[in-house]
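This one's a predicted model, so the numbers in the text were calculated from it and none came from an experiment.
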Amino acid sequence: MAMTVAEKIIARHAGLERVEPGQIVSARVDLAMGNDVTTPVAVERFREMGAGRVFDPEKVAIVLSHFVPAKDIPSSQLARVCREFAREQRIRWFFEVGKGGIEHVLLPEMGLVAPGDLVIGADSHSCTYGALGAFATGVGSTDLAAVLALGEIWLRVPETLRVVWRGRPGPWVMGKDMALALIAKIGDDGARYMCVEHVGEGVEALSMDSRLTLSNMAIEAGAKAGIIPADSRTLEYVAERQRASGLEREVEPVVSDPDATFAGVVELDLSELGPQVAAPFLPSNSGPVQQLAGTPVDQVFIGSCTNGKLEDLRVAAAVLKGRKVHPSIRCIVIPATQRVFQRALEEGLIAIFLEAGCQVEGPTCGPCLGGYAGVLGPGERCLSTSNRNYRGRMGHPEAEVYLANPAVAAATAVAGQIVHPDDVLS
């Protein structure tokens with residue numbers, strides 16, 4: 001019987017010939033990931049279970065990303081638990097401060113995820129890895145503990161919502177705009193517990209960085225996973241990074257059968273899409289940047305797992321080059337990983353940001369979740385390239401967060417108010 005990409009991957013990892021939506025299965029895991037927020041609780045549950053060793057120290061990644069470098073004693077204690085557990089379990093893929101970054105950019109960058117994999121991460125944006133043709137989903141710390149012990153997880157097979165992108169992206173349009181446009185169309189729970197499968201010429205035209213952004217925000221539509229079937233660009237991206245990490249292995253790309261059953265099909269014309277902005281307090285509250293043009297802001301944040309990749313920094317730097325951050329606001333730039341930071345240095349991007357008057361920080365999730373390095377106070381307004389603008393997400397519940405791509409963010413930093421990039425460059 002015909003199956004979707006998600007169903008094929010789950011069936012393969014469950015040792016079954018076929019699965020169907022709603023079926024509950026136990027599936028083996030290719031990679032399990034935890035960060036400095038979720039791992040400590042998972043370690044506690046792991047010990048309560050009486051587990052002694054992780055299922056495979058080569059298939060576990062622990063990334064210090066959210067509160068690093070430690071901002072206070074509690075965050076220092078969280079990191080310490082991760083370090084001690086990684087040493088005890090001889091976990092190969094432990095990423096210390098200064099050696100990693102934000103997990104959802106870092107793991108693809110390191111070649112740890114490949115097409116056809118099943119990846120479990122104790123962080124909601126683990127769906128990012130679906131951009132590589134993998135089935136990847138976020139879980140809680142207790143589920144991560146069970147995965148660490150057993151190497152398996154129970155899953156309810158999701159339905160699949162197919163999203164067909166016609167046309168090609170125009171100027172200043174990136175994966176972020178596609179994600180916001182889709183969420184605005186179907187709603188914040190429009191793909192609840194589904195796998196969102198992106199296909200079409202519009203997706204094929206995207207860079208891998210933009211594809212990662214598009215998959216990253218599947219969870220903002222309530223999805224269990226987001227998948228972009230692997231093509232030649234994906235395979236080249238994965239092979240290059242696997243070689244660099246010494247992880248070369250055979251990969252098995254998966255595509256949906258022509259007669260597979262989908263819960264629904266949504267079609268969008270990418271050629272008609274311009275830069276989008278989401279107003280508080282939901283990502284679905286999105287529309288063309290022109291609708292919010294002129295809205296003053298206090299802060300601009302360029303970074304996060306959604307838009308802290310090299311392409312994002314290049315786009316932001318292209319707008320900021322030779323210009324200054326508006327004197328009434330501050331602009332914070334955070335490269336997603338150490339490798340991205342290094343490349344940005346080599347290309348002169350960091351110099352552009354500094355000359356423009358931006359504050360550049362080392363890799364961290366930081367302000368995205370209201371952690372630190374850019375927490376908002378009451379009544380403040382931020383234009384952010386992150387993924388969520390829920391009330392209180394970046395700090396005080398009376399603060400406001402607007403979401404946009406890096407080009408819009410950089411232009412807003414120059415103008416001091418939300419603006420289309422063309423209006424700054426003209």
Side-chain angles (χ1 to χ4, degrees), residues 29-113 119-126 128-129 136 138-151 244-247 303-305 308 334-342 361-373:
V29 172
D30 292 302
L31 182 69
M33 183 279 299
N35 57 44
D36 49 314
V37 174
T38 58
T39 299
V41 178
V43 170
E44 188 176 347
R45 300 288 92 81
F46 181 86
R47 302 205 189 285
E48 288 175 357
M49 292 167 56
R53 308 298 301 178
V54 299
F55 75 103
D56 187 340
E58 297 281 331
K59 294 183 178 182
V60 176
I62 297 177
V63 187
L64 303 185
S65 60
H66 279 57
F67 297 123
V68 294
K71 68 183 181 71
D72 53 24
I73 294 172
S75 59
S76 178
Q77 291 172 327
L78 291 174
R80 179 181 178 182
V81 172
C82 296
R83 293 185 183 105
E84 292 178 348
F85 186 72
R87 283 196 295 265
E88 170 198 305
Q89 298 291 326
R90 298 180 180 177
I91 291 171
R92 178 179 180 183
W93 304 110
F94 172 67
F95 296 94
E96 181 56 273
V97 178
K99 300 179 178 66
I102 303 175
E103 57 268 34
H104 307 312
V105 180
L106 178 64
L107 301 192
E109 178 182 270
M110 294 296 296
L112 294 177
V113 181
V119 182
I120 297 298
D123 185 278
S124 59
H125 288 101
S126 299
T128 305
Y129 316 131
V139 299
S141 294
T142 300
D143 281 326
L144 175 61
V147 172
L148 291 175
L150 304 173
S245 296
L247 295 173
S304 83
C305 61
I334 304 182
T337 68
Q338 287 293 108
R339 188 172 296 180
V340 170
F341 202 139
Q342 183 175 357
E361 299 284 343
T364 179
C365 296
C368 174
L369 69 155
Y372 76 122

- Check the side chains of N35 and T38 for a donor-acceptor pair under 3.5 angstrom, ignoring hydrogens and angles. yes

Side chain of [X], backbone of [Y]: donor and acceptor closer than 3.5 Å?
{"X": "Q89", "Y": "G52", "result": "yes"}
{"X": "D36", "Y": "H66", "result": "yes"}
{"X": "T364", "Y": "G366", "result": "yes"}
{"X": "Y372", "Y": "V68", "result": "yes"}

- Message: Evaluate L107 against W93 for side-chain contact (heavy atoms from CB on, under 4.5 Å), listing each step before the verdict.
- Response: CA-CA 9 Å; L107 301 192; W93 304 110; over 6 Å; no

Interatomic distance, [X] atom [atom1] to [Y] atom [atom2] [nearest 0.5 angstrom]:
{"X": "F341", "Y": "I334", "atom1": "CZ", "atom2": "CD1", "answer": "10.0 Å"}
{"X": "T128", "Y": "L106", "atom1": "OG1", "atom2": "CG", "answer": "12.0 Å"}
{"X": "S76", "Y": "F67", "atom1": "OG", "atom2": "CZ", "answer": "13.0 Å"}
{"X": "H125", "Y": "C365", "atom1": "NE2", "atom2": "SG", "answer": "10.0 Å"}
{"X": "Y129", "Y": "E103", "atom1": "OH", "atom2": "CD", "answer": "5.5 Å"}

- Message: Under the rule for ring-ring contact (aromatic ring centres under 6.0 Å, His included), what residues qualify as partners of F95, not counting sequence neighbours?
- Response: none

- Task: Run the numbers on F46 and V54 for side-chain contact (heavy atoms from CB on, under 4.5 Å), then give the verdict.
- Result: CA-CA 9 Å; F46 181 86; V54 299; 4.2 Å; yes

Shortest non-hydrogen separation from [X] to [Y] and the atoms involved:
{"X": "P335", "Y": "V340", "value": "CB-CG1, 4.0 Å"}
{"X": "F55", "Y": "V147", "value": "CD2-O, 3.2 Å"}
{"X": "S65", "Y": "G101", "value": "CB-O, 3.5 Å"}
{"X": "C82", "Y": "P40", "value": "SG-CD, 3.9 Å"}
{"X": "C305", "Y": "I102", "value": "CB-CG2, 3.6 Å"}
{"X": "L144", "Y": "G34", "value": "CD2-CA, 3.9 Å"}

- Is there a side-chain contact between E109 and Q338, using heavy atoms and a 4.5 Å cut-off? no

- State, with a plain yes or no, whether a side-chain heavy atom of D123 is found less than 4.5 Å away from one of M33. yes

- With I62, the side chain to side chain contact (heavy atoms under 4.5 Å, CB included) member among L148, V81, I91: I91

- Message: For the CZ atom on R90, are there more than 12 heavy atoms of other groups (residues, nucleotides or ligands in this structure) within a distance under 6.0 Å?
- Response: no

- If a pair satisfies salt bridge (charged side-chain N to carboxylate O under 4.0 Å, His left out) and one of its residues is in residues 58-84, list it, with sequence neighbours excluded. E58-R92, R80-E84, R83-E96

- Task: Applying salt bridge (Lys or Arg N to Asp or Glu O under 4.0 Å), name anything that partners R45, two or more places apart in sequence or on another chain.
- Result: E48

- Item | Candidate pair F94 and V60, rule side-chain contact (heavy atoms from CB on, under 4.5 Å), full reasoning | CA-CA 8 Å; F94 172 67; V60 176; over 6 Å; no

- Walk me through it: do I120 and D143 pass the test side-chain contact (heavy atoms from CB on, under 4.5 Å)? CA-CA 9 Å; I120 297 298; D143 281 326; over 6 Å; no

